J.: 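Input: one structure, supplied below.
Basis for what follows: all heavy atoms, side chains included, without hydrogens, waters or symmetry-related copies. Just so you know, these numbers come straight off a predicted model, no measurement behind them.
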Amino acid sequence: MLGAVFLAAWLSTPGPFVLANGTGLGLTQIAIRQSTSGGVWKPLGGGALSPGARASEPAPGGELCAFDIRAKAGDALVTWQSVNLCDVKVVTLNRRSDGTAWVDYD
């Protein structure tokens with residue numbers, strides 16, 4: 001059974017997803033990159049997302065599932081690290097007032 005889980009993860013590729021803003025603040029300058037690359041940030045979607053808003057995003061490409069998503073939330077630049085974009089439909093970006101950032105998946 002464990003082998004089947006690894007095989008499924010190995011066969012997964014990042015697909016299209018819905019990005020939701022659960023931070024309570026407007027997000028601007030939204031960008032994405034593969035987590036392992038440390039490479040160039042690519043703009044994501046329209047670049048802005050109001051509090052509570054959702055936006056459909058195309059598959060980011062690549063064969064790995066983990067991506068970093070970065071955005072300006074209010075006056076702070078926030079990075080959500082190692083966001084899994086394989087086998088998910090909705091990714092909700094969250095942030096507490098103390099700066100703690102996390103992601104919820106649907």
Side-chain angles (χ1 to χ4, degrees):
M1 180 67 172
L2 187 57
V5 171
F6 286 122
L7 180 60
W10 181 73
L11 293 174
S12 294
T13 57
F17 64 99
V18 172
L19 186 65
N21 180 358
T23 67
L25 299 168
L27 298 178
T28 60
Q29 302 173 16
I30 304 169
I32 190 170
R33 70 175 182 192
Q34 283 196 324
S35 291
T36 58
S37 73
V40 176
W41 290 96
K42 298 177 186 175
L44 189 62
L49 202 57
S50 300
R54 295 174 168 229
S56 295
E57 302 293 343
E63 296 178 7
L64 302 176
C65 294
F67 287 80
D68 297 334
I69 299 176
R70 180 178 73 183
K72 191 168 186 183
D75 293 331
L77 193 58
V78 181
T79 301
W80 292 266
Q81 297 180 337
S82 298
V83 177
N84 178 8
L85 295 183
C86 290
D87 302 321
V88 299
K89 294 183 192 261
V90 179
V91 174
T92 302
L93 305 177
N94 299 288
R95 181 176 181 265
R96 285 196 298 247
S97 59
D98 68 2
T100 303
W102 76 97
V103 175
D104 289 325
Y105 299 100
D106 293 324

J.: Assess whether atom CG of D75 is packed by more than 12 heavy atoms of other residues, nucleotides or ligands within 6.0 Å.
T.: no

J.: When rounded to the nearest 0.5 angstrom, what distance separates OG1 in T28 from NZ in K72?
T.: 6.0 Å

J.: Quick one: are T92 and L19 in side-chain contact, heavy atoms under 4.5 Å?
T.: no

J.: Could you see if V103 belongs to whatever hydrophobic cluster contains L44? Use Ile, Leu, Val, Met, Phe, Trp, Tyr and a side-chain cutoff under 4.5 Å.
T.: yes

J.: Just grab all the salt bridge (charged side-chain N to carboxylate O under 4.0 Å, His left out) pairs involving residues 38-54, residues at least two apart or on different chains.
T.: none

J.: Is the shortest heavy-atom distance from the side chain of R95 to the side chain of L25 under 4.5 Å?
T.: yes

J.: Is L49 reachable from W102 through a run of hydrophobic residues whose side-chain heavy atoms are each under 4.5 Å from the next?
T.: no

J.: How many angstroms lie between CZ in F17 and OG in S56, if you round to the nearest 0.5 Å?
T.: 9.5 Å

J.: Quick one: does I69's side chain get under 4.5 Å of L93's, heavy atoms only?
T.: yes

J.: Check the hydrophobic clustering (I, L, V, M, F, W, Y; side-chain heavy atoms under 4.5 Å; chains of links allowed) and say if Y105 and I32 are grouped together.
T.: yes

J.: If you compare all heavy atoms of G61 against all heavy atoms of P14, which two are closest, and at what distance to 0.1 Å?
T.: O-CG, 3.7 Å

J.: Output all residues satisfying salt bridge (charged side-chain N to carboxylate O under 4.0 Å, His left out) with R33, sequence neighbours left out; order by chain, then residue number.
T.: D68

J.: Just wondering, do P58 and P16 contact through their side chains at under 4.5 Å, heavy atoms?
T.: no

J.: Please walk me through it: do L85 and V91 pass side-chain contact (heavy atoms from CB on, under 4.5 Å)?
T.: CA-CA 8 Å; L85 295 183; V91 174; 3.8 Å; yes

J.: Main chain of A66, side chain of N84: is a donor-acceptor contact present, judged purely on distance under 3.5 Å?
T.: no

J.: Which one of D104, T23, N21, T100 satisfies the side-chain hydrogen bond (donor to acceptor under 3.5 Å, both in side chains) criterion with N94?
T.: D104

J.: How many angstroms lie between atom OG of S82 and atom CD of Q34, to the nearest 0.5 angstrom?
T.: 11.5 Å

J.: Has R70 got its NZ or CZ under 6.0 Å from the middle of the six-membered ring of W80, at an angle within 45 degrees of the ring axis?
T.: no

